[in-house]
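Beneath this line is the structure, given in C-alpha cells, with notes to follow.
All residue numbers refer to positions in the sequence shown, counting from 1. Not measured: the values here are computed from a predicted model.
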Amino acid sequence: MKKILLTFTFFITIILTGKTMAQQKQATVLVLIHSDKGGTYEMAKEVAKGVESEGYAIATIKRVKSTDNDRLKDIPIANVAELPSYDGIAFGSPVYFGNISTAMSEFFAQTTTLWSAHALEGMPAMVFMSSGSGAGKELAMQSFMNTLAVHGMVLVTNGIRGIEHLDQRIPQGNTVLGTSSLASLKNVSRPSVGERFLLNEQGKYFGKVTMALRGPFRTRAIKGPGVETKDIAQLLKEKQISLPEVPAPAGNYQPFVRSGNLVFINQYALKEGKLINPGKIGVDVTEEQVKEATRITMLNIVAVLNEAVGGDLNKVKKCVQLVGIFNAPEQFKDHAKLMNVASDLTVEIFGDKGKHARSTLGASSIPGNSSVEIQAIFEVE
C-alpha cells in the first residue's frame with residue numbers, strides 16, 4: 001500500500017511539475033489599449049483569444065487611462081514601467097485624425113526613461129485600430145509604428161491573411177499593417193464577424209512570433225529615477241488587498257481636497273457605514289482591536305486616494321505625511337506601536353514612495369467615539 005501511494009505521489013508531482021514548466025515556457029503578451037466607447041476593447045478581446053489559442057502565449061488586457069465608461073472600468077490601468085516585463089505588446093487605439101488617440105500619445109510621452117535605457121528594443125509589437133469611416137486608418141497605423149520603431153521594437157505586421165473569411169458585400173477593416181474596425185457604419189455589428197476573425201488570426205500569429213523571439217530579447221522592468229517596477233493595481237491583487245467603498249462624508253466637507261500636486265485626506269475606521277471597534281483604548285477596546293481599526297482606516301485613505309487620482313494609484317509620487325490620532329487614556333504610551341500598522345501598510349502598497357514623515361498622538365475623545373483617526377498628505381502627478 002505504501003509503495004502504491006509513493007508511486008501515485010510521484011506521478012502527481014511529475015504532472016504538476018510538467019504543467020508548471022509548460023506555463024513558464026509560455027510567452028507573456030500585453031494587449032494595451034485606449035478605448036472610448038468600447039469598440040477597441042472588443043477588438044482587444046479577440047486579439048487576446050488569438051494570442052492564447054495555440055498555447056504559445058498568455059495575454060493580459062490593460063488600458064492606458066481611466067474612464068467613466070462602465071464597460072471599461074474593470075480593466076486595469078497599465079504602468080509605463082511594467083512594459084519591459086512582457087515578451088510582446090499588442091497596441092490598440094481609436095483613429096484620431098489619421099493618428100493614434102490623445103490618451104495613447106500621452107502614455108507614450110511617459111516612456112522617455114524606457115527609451116533612454118533601450119528597455120523595449122527587440123520586443124515584438126503589433127497594432128490594431130478602431131476607426132470611424134475607415135478614412136486615415138493606414139496613416140494612423142504607420143504613425144503608430146513610427147513611434148514603436150523609435151523604441152527599437154520588432155514590428156509584426158498582419159500581412160495578407162484571413163481575407164477569404166471577409167464578407168465582400170460590406171466594408172471591412174482589413175489592412176496589411178494590422179486589423180481595423182469601421183466603427184461608425186450603421187446597421188452592421190462592429191467589429192464584424194470578418195474583422196473578429198482577422199483580429200483572432202493576427203493575435204494567433206503574434207503569439208507565435210512573440211514566443212519565437214522570447215529568449216534572445218527577454219527584458220525586465222528597469223529601475224531608475226521616477227520609475228517603479230510594480231503596477232499598484234496588480235500588487236493589490238497579488239496581496240489580496242481589497243479597497244473599500246469610499247466612505248460618504250458625514251457633514252459639509254469632501255473626502256479629499258487637492259491643492260496643486262498635494263492630496264489631503266482624513267479618515268476614521270468606517271466599514272460599510274459603521275465604525276469598527278469604537279471606544280477608548282484599554283477601556284472599551286484592546287490594542288489588537290485598535291490595530292484592526294487602524295488598518296481599516298488606512299485602507300479607507302487609500303480608497304479615497306484612488307478616487308483622487310482617477311483610479312490610477314501609479315500616479316502617487318510620495319506619501320508625504322501621516323498623522324495618527326488615537327482615543328487613549330492619559331497614561332497610554334504606545335501610540336507609535338499602533339500607528340506602525342498604517343505606516344507598514346502604506347509602504348507595503350507604495351514601496352519607497354510610501355515612506356513618510358509621521359506624527360502620532362492621543363486624544364481624550366474622537367468624533368463618533370472612534371478609536372482612531374488618520375490624516376494623510378500625498379503628492380501625486
Could you check if a side-chain atom of [X] sits within less than 4.5 angstrom of a side-chain atom of [Y], using non-hydrogen atoms only?
| X | Y | value |
| --- | --- | --- |
| Gln202 | Leu198 | no |
| Met339 | Phe326 | yes |
| Tyr268 | Pro367 | yes |
| His335 | Leu361 | no |
| Val246 | Asn300 | no |
| Arg63 | Leu32 | no |
| Glu195 | Met43 | no |
| Asn369 | Ser365 | no |

Taking atom [atom1] as the centre, does [X] end up with more than 12 heavy-atom neighbours from other residues, nucleotides or ligands that are less than 6.0 angstrom away?
| X | atom1 | value |
| --- | --- | --- |
| Lys62 | NZ | yes |
| Glu245 | CD | no |
| Lys45 | NZ | yes |

Find out if a path of hydrophobic residues (ILVMFWY) with successive side-chain heavy-atom gaps under 4.5 Å connects [X] to [Y].
| X | Y | value |
| --- | --- | --- |
| Val372 | Phe332 | yes |
| Ile325 | Leu322 | no |
| Ile265 | Ile374 | yes |
| Ile276 | Ile281 | no |
| Met123 | Phe107 | yes |

How long is the span from the [atom1] atom in [X] to the [atom2] atom in [Y], to the nearest 0.5 Å?
| X | Y | atom1 | atom2 | answer |
| --- | --- | --- | --- | --- |
| Met145 | Gln142 | CE | CD | 9.0 Å |
| Asp231 | Lys237 | CG | NZ | 10.5 Å |
| Leu299 | Leu236 | CG | CG | 9.0 Å |
| Met153 | Leu148 | CE | CG | 6.0 Å |
| Lys271 | Asn277 | NZ | CG | 10.0 Å |
| Asn314 | Leu235 | CG | CG | 10.0 Å |

Checking side chain to side chain contact (heavy atoms under 4.5 Å, CB included) for the pair Lys355/Lys318: CA distance, chi angles, key distance, verdict? CA-CA 8 Å; Lys355 294 179 180 178; Lys318 188 70 178 174; 4.1 Å; yes
Does any donor atom in the side chain of [X] or [Y] lie under 3.5 Å from an acceptor atom in the other side chain?
| X | Y | value |
| --- | --- | --- |
| Asn340 | Arg358 | yes |
| Gln267 | Thr297 | no |
| Thr346 | His356 | no |
| Glu82 | Tyr86 | yes |
| Asn327 | Lys280 | yes |
| Ser101 | His34 | yes |
| Asp87 | Thr210 | no |
| Asn261 | Glu381 | no |

Without swapping roles, check the side chain of [X] against the backbone of [Y] for a donor-acceptor pair under 3.5 Å.
| X | Y | result |
| --- | --- | --- |
| Thr294 | Val290 | yes |
| Gln26 | Tyr56 | no |
| Lys353 | Val316 | yes |
| Thr111 | Leu114 | no |
| Ser116 | Thr112 | yes |
| Gln254 | Pro249 | no |

From CA spacing to verdict: salt bridge (Lys or Arg N to Asp or Glu O under 4.0 Å), Glu42, Arg196: CA-CA 9 Å; Glu42 289 300 314; Arg196 289 180 183 274; 3.5 Å; yes
Test side chain to side chain contact (heavy atoms under 4.5 Å, CB included) applied to Lys204 and Val51, step by step: CA-CA 5 Å; Lys204 185 187 298 183; Val51 166; over 6 Å; no
[X] versus [Y], closest heavy-atom pair with distance:
| X | Y | value |
| --- | --- | --- |
| Met211 | Ala27 | SD-N, 3.6 Å |
| Ala90 | Val47 | CB-CG1, 4.1 Å |
| Leu270 | Ile296 | O-CG2, 3.6 Å |
| Ala103 | Val64 | O-CG2, 3.9 Å |
| Val285 | Gly279 | CG2-O, 3.8 Å |
| Ile89 | Phe206 | O-CZ, 3.5 Å |

Geometric class of the Phe144/Phe91 ring pair [parallel <30°, tilted 30-60°, perpendicular >60°]: tilted
Yes or no on salt bridge (Lys or Arg N to Asp or Glu O under 4.0 Å) for Arg295 and Glu292, after CA distance, side-chain angles and deciding distance? CA-CA 5 Å; Arg295 181 178 175 83; Glu292 180 188 4; over 6 Å; no
Taking the six-membered ring for Trp and the single ring otherwise, decide whether the centroids of Phe378 and Phe256 are under 6.0 Å apart. no
Show your working on side chain to side chain contact (heavy atoms under 4.5 Å, CB included) between Thr60 and Thr28 and close with a plain yes or no. CA-CA 8 Å; Thr60 301; Thr28 57; over 6 Å; no
As a quick check of understanding, evaluate side chain to side chain contact (heavy atoms under 4.5 Å, CB included) for Val209 and Val154, giving each step before the final call. CA-CA 10 Å; Val209 173; Val154 177; 5.7 Å; no
